[in-house]
Amino acid sequence: VLVDDFGEWYRAQHPRLLAAVVLLTGERESARDITAEAFSMALERWDEVATMSNPAGWTYVVAVNLVRRGWRRRLRERLVGRPISEVPFAPEARLDVYRAVRSLPERARTAVVLRYFGGLSEAEVAEAMGVAVGTASATLATARRRLSVLLAEDEEEMTP
Amino acid sequence: VTDLRQMLLTLADPPVAEPPAVADLERRQRRRRRKRVAVRVTPVMVCLLVLAGGIASVGGGDRAEPAAAPDVAVTVAPPTSPSTTAVADPSTCRNSYNASCGPFRWDPEPPEVPIEVEVAFEPAAPRVGEVVTFTVTKRRAAGIVRPATVDTGDGGSPRADVGLICPQPGEDTRYGAWDLPAPVPFEHTARYAWTYRSAGTYTARFTFEQWSCGRYGPVYPGWGTAAITVTVQR
């Protein structure tokens, strides 16, 4: 596989993975760092990753693991409690969608990112998260219900 | 499902930030390699590991797996060959310490136990710059509840999401299927302070989630959320 292939794939995938990681962390700077690290790992193993049925999915799982590790590190460093003062998306983005997903619990948010951004099947989401397939399916179903309620509430609030 | 995916993907357009150059990714790669070389195992350690029966061979540091690589590849794994390990009689494997009963698991799988959340705040008519104190009570029929994810409704948060917290794995000699432990009821009240910087009506939301930590921690997963509207005056 040519490195040029990686470059093209990387540039196409970067915006989505970065957006997904921002959804997980709620912060732009750490999300940029985690996203770059995940793509760097994909580059390192590109011969292998490029032949997978879903190279992007592999990279999302790497990023999710990095996020979890980052969260634990942040906890250890006692940075919990630091205010998150900005919405990390452009003003024209669907901030209602961002807020709705951010209000989901971490487990559901992770499952949503892996399923809908990463394109993993429910079985792959379950494996990546270390839970039973039934648990992953139920988590995703609950997340979909909660998102539809939250987004519907937003629309009602916006309707005069 | 398609709508949800489309809605989520709108968050990537316009991009949050430009991608770094591929050369930057290669620099990260070199940095990781240097770290791996620094922690490369010594020949004595290799001998000890082989004697312990843990591995057949150990390659150089550069061949180590990345620490954060996924536990499983996204490709379909080839079928495994039949195991030659002795398997215990399943009828004697309930709540067992016999390693031949296979990996530990809860049986049945822990059900979700919802978390009931109540929120109140004071003062009742806060002004800009005044501290608003939210009193949040959570009740649950099982287990420990982790800290909240808080959305104050104005883009800020008095507390960051802290992610999954499970105790570190310790020595555990349980194998096969185990009965679930009896749930322990839980109730806790916490206060969160926040100052709104501009007048308006905000929806503050407090969300709690407890993951199942498998064998090492809280067993029963659960979720609960509550929202309250705060009108801040000039």
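Residue T135(A) touches chain B through both its backbone and its side chain, counting heavy-atom pairs closer than 4.5 Å. Only the side chain of Y10(A) has a heavy atom closer than 4.5 Å to any heavy atom of chain B. Contacts of E18(B) with chain A are made by backbone atoms alone, with heavy-atom separations under 4.5 Å and no side-chain atom involved. Only the side chain of V101(A) comes within contact range of chain B, with at least one heavy atom under 4.5 Å from a heavy atom of that chain.
M7(B) has its side chain out of reach of L147(A): every pair of non-hydrogen atoms, C-beta onward, lies at least 4.5 Å apart. Residues L8(B) and L23(A) form a side-chain contact, since some pair of their non-hydrogen atoms from C-beta on lies under 4.5 Å apart. Two residues are said to be in side-chain contact when any heavy atoms from C-beta on lie closer than 4.5 Å; D33(A) and R28(B) meet this criterion. Residues H14(A) and P20(B) form a side-chain contact, since some pair of their non-hydrogen atoms from C-beta on lies under 4.5 Å apart. At a threshold of 4.5 Å between non-hydrogen side-chain atoms, the residues L150(A) and R205(B) count as touching.
The minimum heavy-atom distance linking A19(A) with L11(B) is given by the pair CB-O, 3.8 Å. The two residues A17(B) and L18(A) make their nearest non-hydrogen contact at N-CD2, 3.6 Å. Closest heavy-atom contact between F117(A) and R5(B): O-NH1, 3.9 Å.
Remark: side-chain polar atoms of R16(A) are not paired, donor with acceptor, to backbone N or O of A12(B) under 3.5 angstrom.
Going from atom CE of M41(A) over to atom CG of L25(B) covers 11.5 Å, rounded to the nearest 0.5 Å. To the nearest 0.5 angstrom, T225(B) atom OG1 is 9.5 Å from L104(A) atom CG. Note that the OG1 atom of T207(B) and the CZ atom of R102(A) stand 10.5 Å from one another [nearest 0.5 Å].
Applying the 6.0 Å contact sphere to CZ of R32(A) captures no more than 12 heavy atoms from other residues, nucleotides or ligands.
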